[in-house]
Protein chains: 2
Amino acid sequence: MLKNGPVPRYYQLKEIIRQKVTGGQWGPGTPIPSERELCEQYGISRMTARQSITELVNEGYLYREQGKGTFVAQPKITQQLIQLTGFTEDMEARSKRPATQVLNRAMVPADAATATALRIKPGQLLFRVQRLRLANDEPLAVETSLINFIGCEHLMDEDLGHESLYQLLEKKYGQPPLEADQELEARLAGDEEARWLKISRGDPVLLIRRTTYTDRGQPLEFARSFYRGDKYRFYTRLHRK
Amino acid sequence: MLKNGPVPRYYQLKEIIRQKVTGGQWGPGTPIPSERELCEQYGISRMTARQSITELVNEGYLYREQGKGTFVAQPKITQQLIQLTGFTEDMEARSKRPATQVLNRAMVPADAATATALRIKPGQLLFRVQRLRLANDEPLAVETSLINFIGCEHLMDEDLGHESLYQLLEKKYGQPPLEADQELEARLAGDEEARWLKISRGDPVLLIRRTTYTDRGQPLEFARSFYRGDKYRFYTRLHRK
DNA sequence: TGGAACAAGTGGTATATACAACCTGACCAG
DNA sequence: CTGGTCAGGTTGTATATACCACTTGTTCCA
């Protein structure tokens, strides 16, 4: 019997089911209890149980077959790695020790490419920070972020060597990053990248351009990163239709 | 007033709203009619209207704010390009003329890495096809696909130079690809890739490893592709939480 | 003038109910 | 043995209703 409290019932049930799936209690391919059974077991209505299941289906944990039932999906390999994360969270998911070195920061006017990505007029003042990213004390990437929101100039006073930019944006500035579009490209390292990443000119690097959006779909950040090709792989998941 | 017919009402309303959003009739940031207004306008219940809106929110067209309303989101740049597509569909979305040249095909036993990706035992017979992919008559990628499902040996008889592998799997073999996990890595071209792609050894290439799953989460295909770094960018979208 | 209280609007959660569409197995007639 | 029908299970769609949580504007009192 689920309790009426601060946590919605559909969410309580969702977590119970997710536990059984990720905990291996219900293996891949096995049918979960039918919607009507769940109603009765947990003393909730069918529509509520359906909401729990629907969200888990959208998240890829379950799949439905009309007339037959709802089943546990095969777990995906990259389940953990396709979320929008800052560098710090990304490294922790890969069990590496992250570190950051701020190379420089300034308020700068937007150039044409940046203005297009952020959907603003060229020349508008943005906060720019360039950071060297390390994993287990080795340079892994060099990243240039441009941030645009009302009040972004206060970022000049933050300690971005130790505080997560995304955490700051969310908790302190009320600008939670929700989604990002990314473009990936294979390149050869130029002199500048090679120097920072401690590799040779002509070594392979992964160039990632990222535009980050808030929950309103408003562009918040445009970033350009060079990752060492020999030390970094990018994971993603694609969906049909 | 929505009709009761083969198309569900929630889906009819969903398409109506999507049209107004993508057609520019409702610009970004503008509020759409409230759920209660939509009920009345279209003669449906609130839960039905909610289902339409919920799906559009999940697809990124709208966003909700409790107590305020539902609004049109800013359109994303890569909206078209982040779906799971075969090479042919991918090129069409980029307005390039795709072509394919089958280099070889065979039934081969799975090696260790492939067996892990496809979750099968090493040594199991798989269908393998290696194809050169061209865009506007220029070599763009060389791709090796390994396919595993019961009956995959019949693929030996198909004309994969002109027929889409994904279309075949879906329409003729009842194995619709639904999702894929991908790994991307920047590399330097080796002699073999360089020869096929008409580039030089040491030029940058994007190595993509892809595992494709059916709607049951069953691994269906494991593919390894080398894309010319100077002619191809990969797009993706990330979500928080 | 300031602030508290209230009302009306929004989306969020939840219930109870009904029928349609689809799948499976059991049963029966030919 | 084959094929059709039917019953009983499943998910899919849809309605009507209720209350909660949150936002905004107004009203009114101190």
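Within every chain, numbering begins at 1; the chains are lettered A, B, ... in the order of the sequence lines, protein sequences first and strands thereafter. Scope of the values below: all heavy atoms of this structure, side chains included, with no hydrogens, waters or symmetry mates.
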Please state how far atom [atom1] in [X] lies from atom [atom2] in [N], giving the value in whole angstrom units.
| X | N | atom1 | atom2 | result |
| --- | --- | --- | --- | --- |
| Glu37(A) | dT10(D) | CD | C1' | 10 Å |
| Glu35(B) | dT17(D) | CD | P | 17 Å |
| Glu40(B) | dT17(D) | CD | P | 13 Å |
| Glu55(A) | dG12(C) | CD | P | 11 Å |
| Ile32(B) | dT10(C) | CD1 | C1' | 12 Å |
| Phe71(A) | dT24(C) | CZ | P | 9 Å |
| Leu56(A) | dT11(D) | CG | P | 14 Å |
| Tyr10(A) | dT15(C) | OH | C1' | 16 Å |

Check whether any side-chain N or O of Thr70(B) sits under 4.0 Å from OP1 or OP2 of dT10(C), and answer yes or no. no

Under-4.0 Å side-chain N/O to phosphate OP1/OP2 contact, Arg46(B) with dG11(C): no

Picking from [options], which would you name as closest to the side chain of [X]?
| X | options | value |
| --- | --- | --- |
| Ile44(B) | dT15(C), dT15(D), dG11(C) | dT15(D) |
| Arg36(B) | dT15(D), dA14(C), dG12(C) | dG12(C) |
| Ser45(B) | dA18(C), dG11(C), dT15(D) | dT15(D) |
| Arg64(B) | dT17(C), dT11(D), dG11(C) | dG11(C) |

Nearest-nucleotide comparison on DNA chain D, the residue closer to the 5′ end among Thr48(B) and Arg50(A): Arg50(A)

Could you check whether any side-chain heavy atom of [X] comes within less than 4.5 Å of a side-chain heavy atom of [Y], counting everything from C-beta outward?
| X | Y | value |
| --- | --- | --- |
| Arg46(A) | Arg36(A) | yes |
| Arg224(B) | Ile208(B) | no |
| Thr48(B) | Tyr42(B) | no |
| Leu178(B) | Thr214(B) | no |

With Glu221(B) as reference, evaluate Arg128(B), Arg209(B), Arg210(B) under the salt bridge (Lys or Arg N to Asp or Glu O under 4.0 Å) test and give the passing residue. Arg210(B)

Short N/O separations, protein against nucleotides 22-25 of chain D, under 3.5 angstrom:
{"residue": "dC22(D)", "atom": "O4'", "partner": "Gln66(B)", "partner atom": "OE1", "Å": "3.4"}
{"residue": "dT24(D)", "atom": "OP1", "partner": "Lys68(B)", "partner atom": "NZ", "Å": "3.4"}

Pick from Asn148(B), Thr212(B), Ile147(B): which one makes a side chain to side chain contact (heavy atoms under 4.5 Å, CB included) with Leu118(B)? Asn148(B)

Heavy atoms from other residues, nucleotides or ligands near CD of Gln41(B) exceed 12 (cutoff 6.0 Å): yes

Here's a test of your reading of the structure: between Pro33(B) and Met47(A), which maps to the more 5' nucleotide of DNA chain C? Pro33(B)

